[in-house]
There are 2 protein chains.
Amino acid sequence: MIAIMSDDPFDHIPATALRPFAVDAGQPLFRRDDRPTALYRVDAGRVALHRVTEDGQRVTIAQIGPGETLAEASLFADTYHCDAIALTETRGVAVDRAVLRQRLRSDPDFAEALVRRLALQVRTERQRAEIMSIRSARDRTFAALACFGQSGTITAFAASIGLSQEACSRALAELVAEGRVMRLGRGRYACRSVPPR
Amino acid sequence: MIAIMSDDPFDHIPATALRPFAVDAGQPLFRRDDRPTALYRVDAGRVALHRVTEDGQRVTIAQIGPGETLAEASLFADTYHCDAIALTETRGVAVDRAVLRQRLRSDPDFAEALVRRLALQVRTERQRAEIMSIRSARDRTFAALACFGQSGTITAFAASIGLSQEACSRALAELVAEGRVMRLGRGRYACRSVPPR
DNA sequence: AACTGGTTATGATTGCGATCATGAGCGACG
DNA sequence: CGTCGCTCATGATCGCAATCATAACCAGTT
């Protein structure tokens with residue numbers, strides 16, 4: 001199938017306006033109260049967003065991995081509202097904020113792609129939050145499997161839904177016993193649900 | 001303070017294109033596989049989004065309350081990917097999908113407002129998900145207080161971060177004892193953090 | 001084939017939060 | 001003022017998932 005118009009808003013930005021970036025583990029991408037300069041897309045590595053309270057307690061707001069963007073909301077804010085620190089060696093591309101906002105107003109295709117991307121993000125995050133609110137490990141595991149499927153390892157899957165690997169493994173075993181989930185092989189499971197879109 | 005340009009994208013839509021809706025508790029707003037016709041903003045009440053698996057298990061994907069919108073992602077999809085059922089008597093306004101998409105392409109102010117709204121949504125939901133992944137009730141409560149503050153009752157606050165009212169109350173008591181949180185009065189707490197934006 | 005490192009599975013124990021239960025604080029109303 | 005209804009606080013108990021520990025399993029390497 002041929003994509004007539006890319007889903008990735010970054011593809012609508014001229015390469016000259018894209019600035020590659022790379023930071024080592026522990027290094028900041030930006031800091032709270034800095035003036036926002038760009039929107040970042042992570043291609044490899046992982047970035048944590050921290051907010052620091054008045055008395056120095058650090059609260060992790062989010063973690064951003066490959067394919068995701070950060071600081072979307074800062075496109076319209078006067079300052080960054082949190083610190084962005086690379087958890088591992090991280091690289092990606094940045095789009096200048098002014099270029100992006102200008103583009104948003106002048107290029108309908110870009111605007112549409114950006115809105116689509118953000119809308120999907122919202123949906124995904126809402127699902128995550130809702131799944132995390134399920135108390136029972138069995139039900140939570142099932143819901144996650146039904147919504148997202150299992151892409152990587154069990155360990156990663158478990159972590160992404162806030163369960164220990166053991167609890168997740170046990171939950172999967174129970175679900176298979178109940179016939180609600182299929183075991184495709186060692187460490188590979190799927191749920192007989194309507195396929196996620 | 002005078003708002004030069006409204007933050008709410010719905011304010012950029014001519015009133016003639018807004019269609020009020022109301023549904024009773026238990027009634028559907030739309031169903032999976034329906035063709036998407038509109039974007040909905042809930043003004044009062046609560047709507048649950050469900051996905052039903054092949055063997056009839058129902059999974060709640062999200063719940064939408066006053067001020068929030070649903071089915072943003074369906075603006076670009078061929079069908080709805082889930083059922084929307086009113087949990088309580090619910091009312092709000094709907095914008096026709098074609099009108100909205102057309103507007104997105106032709107009205108930069110609207111596009112910007114929509115992107116801003118979605119970006120904020122993403123940020124908020126990411127925060128929620130991250131907070132929900134904190135295991136300790138005390139730390140989770142603190143993080144939530146630092147990020148969002150406590151708007152309504154303790155009970156509602158506790159529910160919004162996946163804790164029982166009792167666990168939350170106890171956590172708050174501990175945090176006060178540790179001096180990390182201030183008690184403003186019975187059932188009213190705040191954290192000495194940089195104020196959320 | 002033997003070795004190695006990483007992942008998955010499963011058993012045993014423990015700690016934390018849900019739940020149940022109850023009392024105290026506080027606003028609304030007649 | 002006294003009653004009612006709701007929220008908050010706190011104590012007691014119990015169940016579930018985290019944690020620790022270990023074995024089975026698998027892929028890649030030599």
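In what follows, chains are A, B, ... by sequence order, proteins preceding strands, each numbered from 1. Below, all heavy atoms of this structure are taken into account, side chains as well, without hydrogens, waters or symmetry copies.
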Chemist: Whole Å only: how far is the CD1 atom of B:I154 from the P atom of D:dT7?
Modeler: 12 Å
Chemist: Could you check whether any side-chain N or O of A:R135 sits under 3.5 Å from a backbone N or O of B:G162, counting only pairs where one atom can act as donor and the other as acceptor?
Modeler: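 Checking the backbone N and O of B:G162 against the side chain of A:R135, a donor-acceptor pair under 3.5 Å is found.
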Chemist: Take atom CD of B:E174 and atom P of D:dG11, then tell me their distance rounded to the nearest Å.
Modeler: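 To the nearest whole Å, that distance equals 12 Å.
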Chemist: Taking N and O atoms by type only, does the side chain of A:E166 place a donor or acceptor under 3.5 Å from a partner on the base of D:dA17?
Modeler: no
Chemist: Can you tell which of D:dT10, C:dT10, D:dA17 lies closest to the side chain of A:S136?
Modeler: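 Of the candidates, D:dA17 comes closest.
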Chemist: With nearest nucleotides of DNA chain C determined for A:A156 and B:C168 from heavy-atom distances, which residue corresponds to the more 5′ nucleotide?
Modeler: A:A156
Chemist: Could you please name the option among C:dA9, D:dT10, C:dA18 that lies closest to any side-chain atom of B:S164?
Modeler: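 Output: C:dA18.
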Chemist: Could you walk me through whether A:D43 and A:R41 pass the salt bridge (Lys or Arg N to Asp or Glu O under 4.0 Å) test, one step at a time?
Modeler: CA-CA 6 Å; A:D43 291 328; A:R41 186 189 63 193; 3.1 Å; yes
Chemist: Over how many whole Å does the gap from B:L163 atom CG to D:dA9 atom P extend?
Modeler: 14 Å
Chemist: Does C:dA9 have its OP1 or OP2 closer than 4.0 Å to a side-chain nitrogen or oxygen of A:R183?
Modeler: yes
Chemist: NA contact type, B:Y189, heavy-atom cut-off 4.0 Å: base, sugar-phosphate, or nothing?
Modeler: sugar-phosphate
Chemist: Can you tell me if A:T155 touches the phosphate of C:dT8, counting only side-chain N or O atoms and a distance under 4.0 Å to OP1 or OP2?
Modeler: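 A:T155 to C:dT8 OP1/OP2: side-chain N or O found under 4.0 Å.
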Chemist: Using a 4.0 Å heavy-atom cut-off, does A:T153 contact any base of the nucleic acid, only the sugar-phosphate backbone, or nothing at all?
Modeler: sugar-phosphate
Chemist: Is any side-chain nitrogen or oxygen of B:R138 closer than 4.0 Å to OP1 or OP2 of C:dG15?
Modeler: no
Chemist: Figure out the CZ/C1' separation between B:R188 and C:dG25, and round it to whole Å.
Modeler: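 Taking atom C1' of C:dG25 as the reference, CZ of B:R188 is at 15 Å.
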Chemist: Between C:dA9 atom P and A:L175 atom CG, what is the distance in whole Å?
Modeler: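 About 12 Å, once rounded to whole Å.
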Chemist: Could you state the atom-to-atom distance from CZ of B:F157 to P of D:dA9 in whole Å?
Modeler: 12 Å
Chemist: Measure from CD on B:Q150 to C1' on D:dC8 and round the result to the nearest Å.
Modeler: 11 Å
Chemist: May I ask you to decide if B:S169's main-chain N or O and B:Y189's side chain share a donor-acceptor pair within less than 3.5 Å?
Modeler: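 No; judged by distance alone, with no hydrogens or angles, the pair does not exist.
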Chemist: Please check this pair: side chain of A:T88 against backbone of A:R46, looking for a donor-acceptor N/O pair closer than 3.5 Å.
Modeler: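 It does hold such a pair.
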Chemist: Does the plane of the ring in A:F21 sit parallel, tilted or perpendicular to the ring in A:Y40? Use 30° and 60° as the thresholds.
Modeler: perpendicular
Chemist: Under the 3.5 Å rule, do the base of D:dT19 and the side chain of A:R170 count as making a donor-acceptor pair?
Modeler: yes
Chemist: On DNA chain C, check which nucleotide each of A:L172 and B:A137 is closest to and give me the residue with the more 5' one.
Modeler: A:L172
Chemist: Look at the side chain of A:A167 and decide which nucleotide, out of C:dC26, D:dT10, D:dA17, has an atom nearest to it.
Modeler: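 The closest nucleotide is D:dA17.
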Chemist: Look at A:R135 and C:dA18 and indicate whether a side-chain polar atom (N or O) is within less than 4.0 Å of OP1 or OP2.
Modeler: yes
Chemist: Indicate whether OP1 or OP2 belonging to D:dT10 is found under 4.0 Å from a side-chain N or O atom of B:S169.
Modeler: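 For D:dT10, neither OP1 nor OP2 has a side-chain N or O of B:S169 closer than 4.0 Å.
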Chemist: At 4.0 Å (heavy atoms only), tell me whether B:G162 reaches a base, stays on the sugar-phosphate, or touches nothing.
Modeler: sugar-phosphate
Chemist: State plainly whether the residues A:R123 and B:E72 are in salt-bridge range, i.e. N to O under 4.0 Å.
Modeler: no
Chemist: Distance check needed: D:dC20 P versus A:Q165 CD, whole Å only.
Modeler: 13 Å
